[in-house]
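Read the structure below first, then the notes.
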Amino acid sequence: MIIHLKKETTSDQAASLGQKLEAIHFKTGDQDILVTSAKVKELPKEAASYTDEFFPMETDIQLASSTYKDGKRSIQLGKNAIGGDSNNTMLIAGPCSIESWEQITEVAEVLKKNNITTLRAGCFKPRTSPYTFQGLGEEGIKMLVEVRKQYGFNIITEVKDSSHVDLVIENADIVQIGAKAMYDQSILRRCGESRKPILLKRGFGTTLQEFVQAAEFILSGGNENVILCERGIRTFETKTRFTLDLCGVAFLKEYTNLPIVVDPSHAMGYRYGVADLTRASVAMGVEGLLIECHPTPEKAKSDAAQQLNLKEFQEMYDTLQPIAAAIGRKMI
Ligand code: PEP
Ligand code: MN
């Protein structure tokens with residue numbers, strides 16, 4: 001159950017009531033909020049005199065639920081917003097890993113030419129093998145900060161483990177939590193203390209319930225800026241790298257209040273399918289897309305098979321605006 005306390009409740013009263021009810025207590029703006037387990041269906045007697053409004057919930061998808069807040073939460077990203085009344089579909093693009101200044105600026109030029117505002121590149125890569133390229137780490141972050149300075153993009157990069165979570169929160173405009181880090185509660189809780197937008201990817205063996213409950217760890221820290229990212233799940237199929245769960249996207253659209261980004265690049269794993277899956281996702285009316293592109297994908301140090309080259313990226317991008325417009329949305 002979500003309980004909104006009356007404005008005159010002091011922080012001490014709110015905290016002590018939270019303890020009694022074994023609830024999480026946090027504040028958004030000047031609103032004190034308590035969240036108990038969803039098993040609590042009736043307002044506890046101790047809470048009655050402090051309560052302004054309360055919301056019994058069916059499952060522990062609570063703060064993220066469309067029963068609690070109808071419509072998508074609005075998230076401000078630089079000058080643009082996604083969710084809320086905006087109807088924007090944001091293209092997030094860039095290489096899997098930042099590899100060099102030449103590589104990242106070549107990508108940056110293409111984004112700038114198309115008025116794309118959000119550049120993504122990984123610095124701390126959660127690779128499956130310890131013997132492969134692990135990312136440029138802090139040196140990569142410094143380069144991304146310099147790219148932002150020169151081009152004015154929003155920068156998104158990922159957290160792999162808690163050793164660099166503060167560094168990423170401090171420097172990125174949007175913090176990506178990857179599919180493998182999605183269960184790391186130290187990362188989730190730290191991101192909950194921050195107010196930076198967080199792009200939370202779905203683990204490839206994660207049910208929709210578990211995925212949204214991971215988002216609840218961030219939301220219940222008081223960070224309202226959470227974006228969900230579907231990036232493919234593991235099924236019996238081996239011809240593609242993963243299976244893009246567009247049924248899951250439909251569920252998240254219907255039952256949650258969080259903006260949704262679809263990542264066809266990691267789902268497909270091969271560049272040949274990425275443009276088609278991107279168009280299908282735009283047609284679903286999601287808030288964003290995450291696409292990997294690289295000046296020379298065949299030489300990429302990670303995810304070489306799935307990254308579009310810059311010509312392929314441009315050709316795909318040119319087809320998106322009319323699809324977005326057909327359903328009353330705009331690519332940004
Ligand atoms: C990535 O975005 O480059 C990445 C590693 O993605 P995922 O966490 O979805 O595997
Ligand atoms: Mn990648």
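Every value quoted in this text rests on a predicted model; they were computed, and no experiment measured them. Order of appearance sets the numbers: ligands from 1, and atoms from 1 within every ligand.
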*Got a second to check how far N114's CG is from K112's NZ, nearest 0.5 Å?*
12.0 Å
*May I ask you to identify, for R120, whether its side chain, its backbone, both or neither come under 4.0 Å of ligand 1 on a heavy-atom basis?*
side chain
*asked:* Once you measure the plane-to-plane angle for F124 and H164, does it fall in the parallel (<30°), tilted (30-60°) or perpendicular (>60°) bin?
replied: parallel
*Does K125 have a heavy atom less than 4.0 Å from any atom of ligand 1?*
yes
*Run the contact test for C96 against ligand 1 with a 4.0 Å cut-off on heavy atoms, strictly below, and give the result.*
yes
*Could you please spell out the steps behind the salt bridge (Lys or Arg N to Asp or Glu O under 4.0 Å) verdict for R120 and D263?*
CA-CA 12 Å; R120 191 209 80 121; D263 169 0; 5.9 Å; no
*So which heavy atom in the protein is nearest atom 4 (C) of ligand 1, and how far is it from that ligand atom?*
H266 NE2, 3.3 Å
*Under the salt bridge (charged side-chain N to carboxylate O under 4.0 Å, His left out) test, which residues partner E224, sequence neighbours left out?*
R73
*asked:* With a sphere of 6.0 Å drawn around CD of E22, does it hold more than 12 non-hydrogen atoms of other residues, nucleotides or ligands?
replied: no
_For E58, I'd like to know if atom CD has over 12 heavy atoms of other residues, nucleotides or ligands within 6.0 Å._
no
*Would you call E146 and K142 a salt bridge, using N to O less than 4.0 angstrom?*
no
*asked:* Taking only non-hydrogen atoms of E158, do any sit less than 4.0 angstrom from ligand 1?
replied: yes
*asked:* Any nitrogen or oxygen of Q176 lying under 3.5 Å from a nitrogen or oxygen in ligand 1? Just yes or no.
replied: yes
*For atom 9 (O) of ligand 1, which protein heavy atom lies nearest, and how many Å away is it?*
R231 NE, 2.6 Å
*Is any N or O atom of K201, backbone or side chain, closer than 3.5 Å to an N or O atom of ligand 1?*
yes
_Side-chain donor or acceptor of K6 paired with backbone N/O of S49 under 3.5 Å_ = yes
*Give the C-alpha distance, both sets of side-chain angles, the deciding distance and a yes or no for side-chain contact (heavy atoms from CB on, under 4.5 Å) between Y317 and V110.*
CA-CA 11 Å; Y317 187 69; V110 173; over 6 Å; no
*Kindly confirm or rule out an N or O of A179 lying under 3.5 angstrom from an N or O of ligand 1.*
yes
*Checking side-chain contact (heavy atoms from CB on, under 4.5 Å) against K69, which of I2, L63, N257 comes through?*
N257
*Mark yes when over 12 heavy atoms from residues, nucleotides or ligands other than D318 sit less than 6.0 Å from its CG; otherwise mark no.*
yes
*asked:* Distance under 4.0 Å to a non-hydrogen atom of E292: what atoms of ligand 1 satisfy this?
replied: 1 (C), 3 (O)
*Everything protein-side that's N, O or S and under 2.8 Å from the Mn ion (ligand 2): list it, residue and atom.*
C96 SG, H266 NE2, E292 OE2, D303 OD2
